[in-house]
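Data block below; observations after.
We name chains A, B, ... by the order of the sequence lines, and we start the count at 1 in each one. Values reported hereafter were calculated over all heavy atoms of this structure, with side chains retained and with hydrogens, waters and symmetry mates removed.
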2 protein chains.
Amino acid sequence: MKNNSKVIRNSSFHWEGIERKEYKTGTTNFRDIHRYSLLGEAPDEFELNMHTRYFEIQPGGYSSLEIHRHPHSVVVIRGAGTVILGNDLFPIALHDVIYIAPETIHQFLADRNEFLGFLCVVDRYRDKPVVPDREAILKQCKSEKVLAAIRQ
Amino acid sequence: MKNNSKVIRNSSFHWEGIERKEYKTGTTNFRDIHRYSLLGEAPDEFELNMHTRYFEIQPGGYSSLEIHRHPHSVVVIRGAGTVILGNDLFPIALHDVIYIAPETIHQFLADRNEFLGFLCVVDRYRDKPVVPDREAILKQCKSEKVLAAIRQ
């Protein structure tokens, strides 16, 4: 039996052989955020039906405001920040778990003078995120507090 | 739109509203390990195709030696220990990532006088783990070092 099982060692939020990548290509509505593909994207990991990624946002940075059909399973493993989930806004900190249900407009913000780093697991086969326009945003995000927090 | 998105707050490895559960029922080949079901098992999280769990092993404890078809995506978030992966044995520590490929005999050991806590993501629909018998163990685990480390 070929055994593809493995350990990928970490040292201070860097994993052996795992590249720090651009967060996204194609859109520019984000700031100071990087992406690490931890498991599921390598050819010998094809049996995983999910992708495990680590996203790291530098202080002051943010992920893109977006919406999509696939859900997210998120666990914070570094620092603290804020997450926007539709019309709600939550402070988040170490080991908090975030469920992002389908079609929820969401954004992560490293708005507390700290790094914000989180694991995010998604289905291997998933729809592409969409950047909501003003009309789509206002459908979900009605509170002044959330609208003021959104970065674009 | 009903928005099921949510944040589950953590404080010192306890999550709001998440029970510390028995690791397993039905087998007894484990020691001092507990299970926290973080995401995917609640009725309003049915859209997640994966289950996100946290397992915590007290110093001296271990998970069951087992084998199954579904793969595991694992990230250590507390302490350190050892993982057996077929005929290999690896020390593991904070934020190490472990891929357990299908049909790999595996076991986690908190054998370093520390807690060992890890996130483990699996498919929602998966096969049941099997406890390998001596013959099955010897097929994969040939080295004396691994055989001596196995706890049963």
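- For residues 118-152 of chain A, every residue pair satisfying the ring pair (Phe, Tyr, Trp, His ring centres under 6.0 Å) rule, not counting sequence neighbours, is listed here: A:F55-A:F118, A:F108-A:F118.
- Using a 4.5 Å cut-off between side-chain heavy atoms of Ile, Leu, Val, Met, Phe, Trp and Tyr, A:V122 forms no hydrophobic cluster with any other residue.
- With a 6.0 Å radius and a threshold of 12 heavy atoms from other residues, nucleotides or ligands, B:N113 has its CG atom at or below the threshold.
- Taking all atoms of both residues into account, the shortest heavy-atom contact from B:P91 to A:R9 is O-NH1, 2.8 Å.
- Within residues 92-100 of chain B, the residues approaching chain A closer than 4.5 Å by heavy atoms are, in numerical order, B:I92, B:L94, B:H95, B:D96, B:V97, B:I98, B:Y99, B:I100.
- The shortest distance between side-chain heavy atoms of A:R69 and B:E47 falls below 4.5 Å.
- The OG atom of B:S73 sits 6.5 Å away from the CE atom of A:M50 when rounded to the nearest 0.5 Å.
- Contact annotation: the side chain of A:L119 approaches that of B:L119 to within less than 4.5 Å [non-hydrogen atoms, C-beta and beyond].
- Of the two parts of A:L39, only the side chain, counted from C-beta on, holds a non-hydrogen atom closer than 4.5 Å to a non-hydrogen atom of chain B.
- Looking at B:H106, neither its backbone nor its side chain comes within 4.5 Å of chain A, counting heavy atoms on both sides.
- The stretch residues 12-21 of chain A places A:F13, A:W15 near chain B, each with some heavy atom under 4.5 Å from a heavy atom of that chain.
- Once rounded to the nearest 0.5 Å, the distance linking CG of B:N4 with CG of A:L85 reads 11.5 Å.
- With a threshold of 4.5 angstrom between heavy atoms, A:V75 approaches chain B through side-chain atoms but not through N, CA, C or O.
- Of all heavy-atom pairs between A:S5 and B:A101, the closest is OG-N, 2.8 Å.
- Residue contact with chain A, scored on non-hydrogen atoms closer than 4.5 Å, involves the backbone and the side chain of B:L48 alike.
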